[in-house]
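All values below were derived from every heavy atom in this structure, side-chain atoms included, with hydrogens, water molecules and symmetry-related copies excluded.
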Amino acid sequence: MRFREFEKEVEELVARACASLGYGEVEVEVGPPPGEGYGDLSSAVSLRIAKKTSQSPADVALKMASKMTEEAKGTRYVAGVVPHRAGYLNFTLDYARFSCDSIGDILRGDLGAMPKTGRKVLVEHTNVNPNKALHIGHARNLVLGDSLVNVLRYLGDDVRALNYIDDSGSQFADVIVGLKFLGLPDEAPAGVKFDAYCGDRIYTRVTQEYAKSPGLKEKESLVLREIEKGEGELAEYAKKIVGKILAAQLETCWRLGASYDLLNWESQIVHSGMWDEIFGRLKSMGVVKLESQGENAGCWVIPDTETGEQKVVVRSDGTAVYVAKDIPYAAWKIGLVGDPFEYQVYGAKQPDGAVLNSTVLSGGVKGMDFSGADIAISVIDVRQGYLQKIVAKVLDSMNEGASKRYLHRAYEVVALSKATAERLGFEVEGEFAHMSGRAGLYVNVDTMLASLKERARAETRKRSLSETDAWVDDVSEALAISALRYELLKQDPDKIIVFDADEALRLQGDTGPYLLYTYARARRILDKTDGRPSIDLGSAAKMTKPQELRLVKRMSMLDAAASKAGEYLSPREVAKFAHELAVAFNDFYENVQVNKEADPALRDARLALVDASSKVLAKSMTLIGIPYRTRI
RNA sequence: GGGCCCGUAGCCCAGCACGGAUUAGGGCGUCAGCCUCCGAAGCUGAAGAGCGCGAGCGCAGAUACCAUGGGUUCGAAUCCCAUCGGGCCCGCCA
């Protein structure tokens with residue numbers, strides 16, 4: 001987008017000035033000025049040069065500015081260079097030209113999406129154990145991962161979204177225990193989703209029963225063994241149940257706007273033989289060794305040379321531990337092993353129309369080009385950091401530098417506020433309580449969305465008395481999704497989100513609905529006009545109000561926000577951008593008349609600005625998976 | 001014992017990645033305003049970041065201010081070290 005071009009011009013000006021004034025190689029950096037009245041872009045190079053050459057920063061700035069003023073005339077967007085007495089160089093934008101170009105680009109459909117990079121990226125996210133409904137902690141994972149997928153695609157990467165299903169773990173096995181050995185029905189009661197039924201009524205129940213009757217716990221290992229074997233009546237039954245749970249979970253995922261390209265199954269990774277191959281290689285390379293003494297005697301371990309500790313990877317009974325299932329998956333992703341899988345269409349329609357595939361061990365097609373990515377990103381909560389590090393270390397030992405291509409996007413958990421946890425019937429000592437699926441302490445996404453939707457519905461109905469119920473329903477759904485996604489995305493991933501049910505129901509202030517409202521406001525202007533959005537250099541020059549200029553400038557920074565999001569694997573940069581753009585638009589809206597403007601050329605230019613900025617807002621919302629409506 | 005993360009107004013957060021220009025921004029809440037004017041899910045203003053008390057004032061203000069104390073620097077909310085408080089991880093569970 002055009003702001004980046006302006007930046008480049010400024011960087012070149014500065015670099016040339018440094019060279020011609022004999023300052024030598026200086027790292028040119030430009031950034032946003034601290035506030036208005038300091039131009040549109042600033043550079044502190046003069047401070048650095050002053051230090052190097054022991055001159056006063058103001059003098060350096062003055063010299064450089066006078067050098068650049070002449071050259072600036074040859075640029076497209078740099079209107080002027082102003083030295084500041086503190087030693088900064090401030091550059092101002094030629095707004096007429098800039099507005100004309102920026103708005104023109106966007107109206108022609110150029111929203112800053114980048115050309116293909118050729119980089120193949122896998123993003124693994126969601127990964128909910130198939131034994132319960134998604135709770136709001138899972139939603140944080142999904143929102144982060146799904147938004148990241150969108151952002152990276154916008155940045156030109158070839159991205160596949162992966163969802164890993166742990167269908168051979170104890171959490172899932174416990175559901176089978178409940179169904180098979182506690183005699184619980186394998187149909188959910190009317191009105192209850194199957195995933196919620198399994199999580200809320202079976203899994204928690206089985207956990208309680210384990211405490212009461214120790215014999216039952218043996219059934220868990222029986223189920224695990226049968227599942228691992230992969231054949232027989234119990235295994236077939238488990239397969240059927242996992243499919244039902246997954247289908248219910250995916251409904252929620254899709255409702256949240258996520259979509260996936262591939263489902264990976266833990267059971268298939270185990271059966272694929274990848275681990276045996278990798279294990280063999282690790283043995284011959286001496287990365288793992290058979291411990292002969294101490295408490296790990298009889299186990300294959302990875303020694304940590306720094307701490308002297310060991311991580312067991314194969315138990316003394318010969319079975320592989322959890323990380324040993326993660327290692328082949330990771331190696332498969334970045335192409336350190338051959339692709340043993342075949343692929344089949346999973347057969348359900350996703351919201352964005354993308355085809356969802358599933359791995360199979362036989363009966364599918366080969367060579368779907370999922371494995372062997374340049375970069376693999378795993379969105380997994382911070383508690384798995386240690387294990388992810390071990391995985392990365394093993395990858396490095398298989399292939400020098402491999403861990404640079406295997407990235408863990410960690411994020412902190414979602415906890416429940418004291419008030420919310422207590423309302424669920426739990427006693428809380430501190431300020432908040434960690435969720436626990438086992439204990440039944442969590443807030444399901446579907447439940448939360450239902451509450452949000454009801455609140456949104458009441459508000460929407462109040463404002464639109466003559467609309468149909470279907471319309472109100474659609475809008476309320478969009479508001480509910482936006483509220484939840486924005487809430488989970490806007491906060492720093494390193495910080496725990498303390499979720500408070502009341503607080504989260506807010507539809508005002510810095511929320512998702514603010515974005516929808518702003519978009520609808522903008523579209524309203526375009527609906528109500530007789531004019532046509534159009535712009536040329538002459539009409540662009542008539543837009544001189546600070547609110548107009550701020551809006552144009554902000555709008556042209558979407559690509560910069562997305563780049564930052566991609567660089568730091570942090571899509572909330574886009575959420576922040578969307579919010580800032582919405583603020584800029586509302587400021588414009590309150591202070592600048594569009595349809596009442598008497599000068600038709602200026603009116604049309606403003607219409608063009610409204611059209612363009614609303615398109616950018618919509619695009620930024622799409623990147624973070626927030627739906628928008630022309631009216632709400 | 002080892003490691004990771006967090007600590008910014010009553011509450012929640014942004015700013016920290018690359019140290020700089022100032023009133024350290026925003027939301028919630030509180031108080032006061034704005035719909036004969038393109039949608040009030042919006043916007044504007046005030047109070048709120050140190051100390052004291054009769055809670056509104058007073059004291060500060062070459063400046064005090066981002067948990068506390070040091071350090072680096074011409075310059076620190078931002079970098080480094082230590083300390084305190086909170087959370088998490090370190091299993092032949094997954």
- Item | Phosphate-side-chain proximity, A/R572 and B/A14, N/O vs OP1/OP2 below 4.0 Å | yes

- Given the rule that a pair is Watson-Crick or G-U wobble with both distances under 3.5 Å, how would you write RNA chain B in dot-bracket, using | for pairs to a different strand? (((((((..((((......[....)))).(((((.......)))))...((((..)))).......(((((..]....))))))))))))....

- Message: I need the NZ-P distance between A/K389 and B/C88, as an integer number of Å.
- Response: 19 Å

- When the C1' atoms of B/A17 and B/G29 are considered, how many whole Å apart are they? 33 Å

Using atom names, set out every protein N or O paired with an N or O of nucleotides 19-21 of chain B below 3.5 Å, distance rounded to 0.1 Å.
| from | atom 1 | to | atom 2 | distance (Å) |
| --- | --- | --- | --- | --- |
| B/G20 | O2' | A/Y88 | OH | 2.6 |
| B/A21 | N6 | A/S42 | OG | 2.5 |
| B/A21 | N6 | A/N90 | OD1 | 3.4 |
| B/A21 | N1 | A/N90 | OD1 | 3.0 |
| B/A21 | N1 | A/N90 | ND2 | 3.3 |

- Within the pair A/Y514 and B/C28, is there a side-chain N or O less than 4.0 Å away from OP1 or OP2? no

- Position toward the 5' end of RNA chain B (nearest nucleotide), A/A582 or A/S316: A/A582

For nucleotides 45-48 of chain B, print each protein N/O atom paired with a nucleotide N/O atom at under 3.5 Å, atom names and distance only.
none

- Task: Map A/S170 and A/K490 onto RNA chain B by nearest heavy atom, then report which one ends up closer to the 5' terminus.
- Result: A/K490

- Quick one: ring-ring contact (aromatic ring centres under 6.0 Å, His included) pairs with a partner in residues 471-491 of chain A, sequence neighbours left out? none

- Query: Rounding to a whole Å, what distance do you find between A/Y517:OH and B/G27:C1'?
  - Reply: 17 Å

- Task: Please list, chain by chain and in numerical order, all residues satisfying side-chain contact (heavy atoms from CB on, under 4.5 Å) with A/E7, sequence neighbours excluded.
- Result: A/F3, A/V30, A/L41

Between N or O atoms, less than 3.5 Å apart, protein on one side and nucleotides 29-33 of chain B on the other: list the pairs.
none

- Inter-nucleotide C1' distance (B/C5, B/A47), Å rounded: 34 Å

